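Notes follow the structure.
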Amino acid sequence: MKSEILNDIAEVVGSVCEVSVEDIRSMCKRSEIVDARCIFVRYCVKFGFPASTVSAYLGRKRVGVVGGCLRNYDAYHKSSLSFRLLCHDVDRVLADKYPPS
């Protein structure tokens with residue numbers, strides 16, 4: 001069940017951000033992929049996944065990638081309207097898929 005939710009989050013983020021799940025899991029530093037990765041990490045944490053699970057899903061050995069993504073998420077969210085719009089779209093799709101109880 002956990003891996004299904006992680007895959008769902010990755011697919012939604014990838015679809016909204018127009019990148020592949022493989023891109024999100026990659027080490028690529030292109031800005032649109034970094035944005036998608038940060039959004040993915042933020043929503044995984046929001047869904048209650050521990051940093052170790054998220055970093056393992058991303059194929060990283062260290063959990064530091066999660067902390068870095070969360071710091072970047074906050075900075076991007078404050079400074080970029082397009083990033084906030086992507087987050088809003090991801091939030092809407094995930095809320096439809098996993099309504100709050």
Side-chain angles (χ1 to χ4, degrees):
M1 182 68 177
K2 282 184 184 182
S3 63
E4 288 176 24
I5 296 172
L6 287 170
N7 286 329
D8 280 348
I9 295 170
E11 287 176 18
V12 167
V13 171
S15 175
V16 169
C17 296
E18 298 179 351
V19 301
S20 69
V21 172
E22 292 77 22
D23 286 338
I24 292 171
R25 296 178 78 177
S26 75
M27 300 292 275
C28 183
K29 303 229 175 165
R30 281 193 349 245
S31 62
E32 64 272 13
I33 294 173
V34 172
D35 288 354
R37 191 176 302 123
C38 290
I39 294 169
F40 168 77
V41 167
R42 172 66 178 92
Y43 279 91
C44 288
V45 170
K46 185 176 178 178
F47 273 68
F49 288 98
S52 59
T53 300
V54 177
S55 64
Y57 181 84
L58 292 172
R60 307 306 198 284
K61 293 182 181 173
R62 296 184 3 239
V63 296
V65 70
V66 172
C69 282
L70 291 174
R71 283 188 299 280
N72 287 342
Y73 177 92
D74 290 337
Y76 299 158
H77 200 271
K78 287 178 185 174
S79 65
S80 171
L81 175 60
S82 61
F83 187 84
R84 285 193 300 274
L85 292 172
L86 289 172
C87 295
H88 175 74
D89 289 347
V90 169
D91 197 41
R92 184 181 44 78
V93 173
L94 287 175
D96 287 346
K97 215 170 189 175
Y98 298 101
S101 35

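As the structure is a computational prediction, the values presented were derived from the model and not from experiment.
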Side chain to side chain, Leu6 and Thr53, heavy atoms closer than 4.5 Å: yes
Give, for atom CZ of Arg25 and atom OG of Ser20, the distance between the pair rounded to the nearest 0.5 Å. 10.5 Å
Minimal non-hydrogen separation, Cys28 against Val34, with atom names: O-CG2, 4.0 Å
ILVMFWY network linking Tyr76 to Leu85, side-chain heavy atoms under 4.5 angstrom: no
Show me the pairs that pass ring pair (Phe, Tyr, Trp, His ring centres under 6.0 Å) and involve residues 14-43, at least two apart or across chains. Phe40-Tyr57
Is there a side-chain contact (heavy atoms from CB on, under 4.5 Å) between Lys29 and Ile33? Walk through the geometry before answering. CA-CA 7 Å; Lys29 303 229 175 165; Ile33 294 173; over 6 Å; no
Heavy atoms only: give me the nearest Cys38-Cys69 pair and the separation to one decimal. SG-O, 3.6 Å
Verify the neighbour count for atom CZ of Arg84: are there more than 12 heavy atoms of other residues, nucleotides or ligands below 6.0 Å? yes
If Ile, Leu, Val, Met, Phe, Trp and Tyr residues are connected whenever their side-chain heavy atoms lie under 4.5 Å apart, and connections chain through other members, are Val63 and Val54 in the same group? no
When rounded to the nearest 0.5 angstrom, what distance separates CZ in Arg30 from CZ in Arg37? 10.0 Å
Could you walk me through whether Leu58 and Ile24 pass the side-chain contact (heavy atoms from CB on, under 4.5 Å) check? CA-CA 8 Å; Leu58 292 172; Ile24 292 171; 4.2 Å; yes
side-chain contact (heavy atoms from CB on, under 4.5 Å) partner of Val93, chosen from Val13, Ile9, Asp8, Val12: Val12
Working for side-chain contact (heavy atoms from CB on, under 4.5 Å), residues Val45 and Val66: CA-CA 9 Å; Val45 170; Val66 172; 4.3 Å; yes
What's the separation between atom CG in Leu86 and atom CG in Asp91, rounded to the nearest 0.5 Å? 12.5 Å
Give, for atom CG of Leu70 and atom NZ of Lys46, the distance between the pair rounded to the nearest 0.5 Å. 13.0 Å
Ile39/Val16 under side-chain contact (heavy atoms from CB on, under 4.5 Å): CA gap, chis, key distance, verdict: CA-CA 10 Å; Ile39 294 169; Val16 169; over 6 Å; no
Approximate separation, where rounding is to 0.5 Å, of Ser31 OG and Asp35 CG: 6.0 Å
Kindly say whether His77 contributes a backbone atom to a donor-acceptor pair with the side chain of Ser80 at under 3.5 angstrom? no
